[in-house]
Amino acid sequence: MSASESAILRNQVSPPFFKVSSFLDTLCIVSENTREIGNWVDLLDFIDWSGVECLNQNSSHSLANALKQGYREDEGLNLESDADEQLLIYIPFNQVVKLHSIVIQGPEEEGPKTVKLFANREHMGFSNVGDFPPSDSAELSPDNLKGKPVVLKYVKFQNVRSLTIFIEDNQSGSEITKVQKIALFGTT
């Protein structure tokens, strides 16, 4: 193979993949159904669904719409807050995982803004969520709401048995927060 043929092959990304960004000078690839980012896999198969909870969700627009495979790809479905803009999501895993990044998609106006993540914190409620420092937090940008992953402080998410996601507010400050998709990427 000639040097020019080799250069062409290195620069091509074959379907169904497309280039999203580069982490630590390494090509990051997201498949069309967002099941992997580079070497990191979607941790959906490792969620203990019997323990998943969401506080302040609208019963007609539940967490399953944003978290479960098949539902989260449907743009017409979403998770919505109920009494105010805050959501508190608890996701246990059926084995210890290493969490690398998270994708939280939502609409431009009602999508989440401030997100706090807590590794291995059980039994959190709105009354005590402020009592604990988050393992990591993020201010979601418009690019994040369209699917750009938020890379986490990887050292703080090495032995994760559960993840609590606190969505504190949304982009516009309105009473309802909408989440179209939540995807967690890492390894086991």
| request: Measure the shortest side-chain to side-chain distance between W49 and L67 over non-hydrogen atoms and say whether it is less than 4.5 angstrom. | output: yes
| said: Quick check: do F185 and D42 have side-chain heavy atoms less than 4.5 Å from each other? | reply: yes
| request: Rounded to the nearest 0.5 Å, what's the gap from CG on L79 to CD on Q180? Could you check? | output: 11.0 Å
| note | Here the gap from Q105 atom CD to K178 atom NZ, rounded to the nearest 0.5 Å, amounts to 15.5 Å
| task | Taking all non-hydrogen atoms of both residues into account, name the closest pair between E122 and S162 and its distance. | result | CG-OG, 4.2 Å
| task | Measure the shortest side-chain to side-chain distance between L99 and L117 over non-hydrogen atoms and say whether it is less than 4.5 angstrom. | result | no
| Can you tell if the side chain of F93 reaches within under 4.5 Å of the side chain of L163, non-hydrogen atoms only? | yes
| request: Following the transitive rule for hydrophobic clusters with a side-chain heavy-atom cut-off under 4.5 Å over Ile, Leu, Val, Met, Phe, Trp and Tyr, establish whether L184 and F118 coincide in one cluster. | output: no
| query | Does one side chain, of T114 or D169, offer a donor that lies under 3.5 Å from an acceptor on the other? | reply | yes
| task | State the NE2-NZ distance between H100 and K98, to the nearest 0.5 angstrom. | result | 12.5 Å
| Is V150 reachable from V41 through a run of I, L, V, M, F, W or Y residues, each pair having side-chain heavy atoms under 4.5 Å apart? | yes
| task | Could you tell me whether the side chain of L43 reaches within less than 4.5 Å of the side chain of I91, counting heavy atoms only? | result | no
| Side-chain heavy atoms under 4.5 angstrom apart, residues restricted to Ile, Leu, Val, Met, Phe, Trp, Tyr: same cluster for I102 and L88? | no
| request: Mind listing the closest non-hydrogen atom pair of Y90 and R121 along with its distance? | output: CE1-O, 3.9 Å
| said: In the structure I gave you, are the side-chain heavy atoms of P142 and E108 within less than 4.5 Å of one another anywhere? | reply: no
| Are the side chains of L140 and K113 in touch, meaning some heavy atoms are under 4.5 Å apart? | no
| said: Against N56, only a single residue in D82, D84, T177 fulfils side-chain hydrogen bond (donor to acceptor under 3.5 Å, both in side chains); can you say which? | reply: D84
| said: Nearest 0.5 Å, please: how far is OH in Y154 from CH2 in W40? | reply: 3.5 Å
| Within one Ile-Leu-Val-Met-Phe-Trp-Tyr cluster: I104 and V160, side-chain cutoff 4.5 Å | yes
| query | Does L152 belong to the same Ile/Leu/Val/Met/Phe/Trp/Tyr cluster as I165, with side-chain heavy atoms less than 4.5 Å apart forming each link? | reply | yes
| said: Ignoring hydrogens, what is the shortest heavy-atom contact between E85 and N170? Give both atom names and the distance. | reply: CB-ND2, 3.6 Å
| Mind checking whether Q171 and L145 have side chains closer than 4.5 Å, heavy atoms only? | yes
| request: Please name the pair of heavy atoms, one in C54 and one in I89, separated by the smallest distance, quoted to 0.1 Å. | output: SG-CG1, 3.7 Å
| task | Kindly compute the distance separating NZ (K116) from CD1 (I167), expressed to the nearest 0.5 Å. | result | 13.0 Å
